[in-house]
Amino acid sequence: MGRAFDWLDKKFHIKAPHKRFLKRRLPEGLSYFYCLGGAAFTSYVILFITGLLLSQYYIPSEMEAFESIVKIQREVHLGWLIRGVHKWSATLLIIFILCHTLRVFISRAYKSPKELNWIVGCLTLVLVFASGFTGYLLPWDQKAYWATTVGTSMAATMPVAGRHLMYLIRGGMDVSGATLIRFYSFHVLWLPVTMAALLWAHFHMIKRQGIKGGL
Amino acid sequence: MDRRNFLRAAVKSIIAAAAAGVAAVAAYFMYPANVRARQLIYCECMDEDSLPKHGVKRAEYRFELKGKEMTAAVYLVNHEGTLYALSPVCSHLGCLVNYNRHTDVFICPCHGGKYDTAGEVISGPPPAPLARLPMKVENGRVYIGVMLPAVAA
């Protein structure tokens, strides 16, 4: 494993700079509260893997979505487990990312020179909420349908163009099969890809700027 | 082994074990849950009177798969008095062969494999003859035997 990686690293040159980062001395005064971001990222990785697996069986269609969920729960090997892990990791991700945000806010880690990292983190927070909201529709049961009807109708309260914004989000006048496909696309393509890019930027800036103060 | 190296090896082992566990669960999750043994099932095909007196006749038989009505083709051949059923599935890559009445051969449209009416390869890439399907006649009806997934009890 180590030798194979060294052979790759001759071409990629990623080991040396990361070694410096991973083996550096941590600054004084850190506590486990500084692990909340890492816990949130772990939840993201678990969601990514279980999501890849669930997409093998889920069918984003008006007629088949609910049935495919029932099939995952009852027929697919360990389907109940994978779906359960996906659901609970989603809940944990929301909790961890909120606690992480609170920790950054309390320790004033949003201040210059890390203000851009704070902004990237806030964008990630918004996208995490969007992932939770779009994922909630996918089981396509009564709770999902009405939660999305109520949730998307909030967009209509925006002045001037609110109604059109709601239609845009729904992909129609009401929540329908078009909304299901739209939310599925957001949930499995747009949001994870955008989040991956934002998280890369987030971690890159931590490497450059340090956890606490500068490196 | 000092403490640092021991801890490093321990952490690496735990990560490797966890990764192997995740991979095993993922493979088990993706493996289809409805894999069953196949069994020989006879499907009704035609009247005994419709069997070819000589030469080749294309026929269809119906069967049920996952609750859906399916149709498949079969070639019934009367070769100098012996009667047999030939599967139209080419032994090369599984395309369906067509019977050419003028040249009296089966030709595969995909890569030009040719079989005679006994199902033996004349030319082309097929590595084996056309499969002969079991058939039986009961109460004046002809049945073709095919391997289908066993019906769940």
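The sequence lines fix the lettering, A, B, ..., with proteins before strands; numbering per chain opens at 1.
- Within a 6.0 Å sphere centred on NZ of A/K10, heavy atoms belonging to other residues, nucleotides or ligands number 12 at most.
- In terms of heavy-atom proximity, A/V76 sits nearest to B/A33 at CA-CB, 4.4 Å.
- Taking CG from A/L81 and CZ from B/F29, the interatomic distance works out to 9.5 Å, rounded to the nearest 0.5 Å.
- With ring centers used as reference points, B/Y28 lies under 6.0 Å from A/H77.
- The number of heavy atoms from other shown groups lying within 6.0 Å of CH2 (A/W190) does not exceed 12.
- Environment of NZ in A/K87: sparse, with no more than 12 heavy atoms of neighbouring residues, nucleotides or ligands closer than 6.0 Å.
- Atom NZ of B/K68 has 12 or fewer heavy atoms from other residues, nucleotides or ligands within 6.0 Å.
- Nearest heavy-atom pair across B/Y31 and A/Y57 is O-OH, 3.9 Å.
- Remark: B/R141 CZ is packed, more than 12 non-hydrogen atoms of other residues, nucleotides or ligands lying under 6.0 Å away.
- Other residues, nucleotides and ligands contribute at most 12 non-hydrogen atoms within 6.0 Å of the NZ atom of A/K19.
- The local environment of CZ in A/F66 is sparse, with at most 12 non-hydrogen atoms from other residues, nucleotides or ligands closer than 6.0 Å.
- Within residues 37-47 of chain A, no residue approaches chain B closer than 4.5 Å by heavy atoms.
- Few gaps surround CE on B/M147; more than 12 heavy atoms of other groups in view lie less than 6.0 Å from it.
- Looking at A/L78, the atoms closer than 4.5 Å to chain B (heavy atoms on both sides) sit in the backbone and in the side chain alike.
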ask   = B/V25 and A/L53: side chain to side chain contact (heavy atoms under 4.5 Å, CB included), yes or no, with the steps?
value = CA-CA 10 Å; B/V25 169; A/L53 290 174; 5.7 Å; no

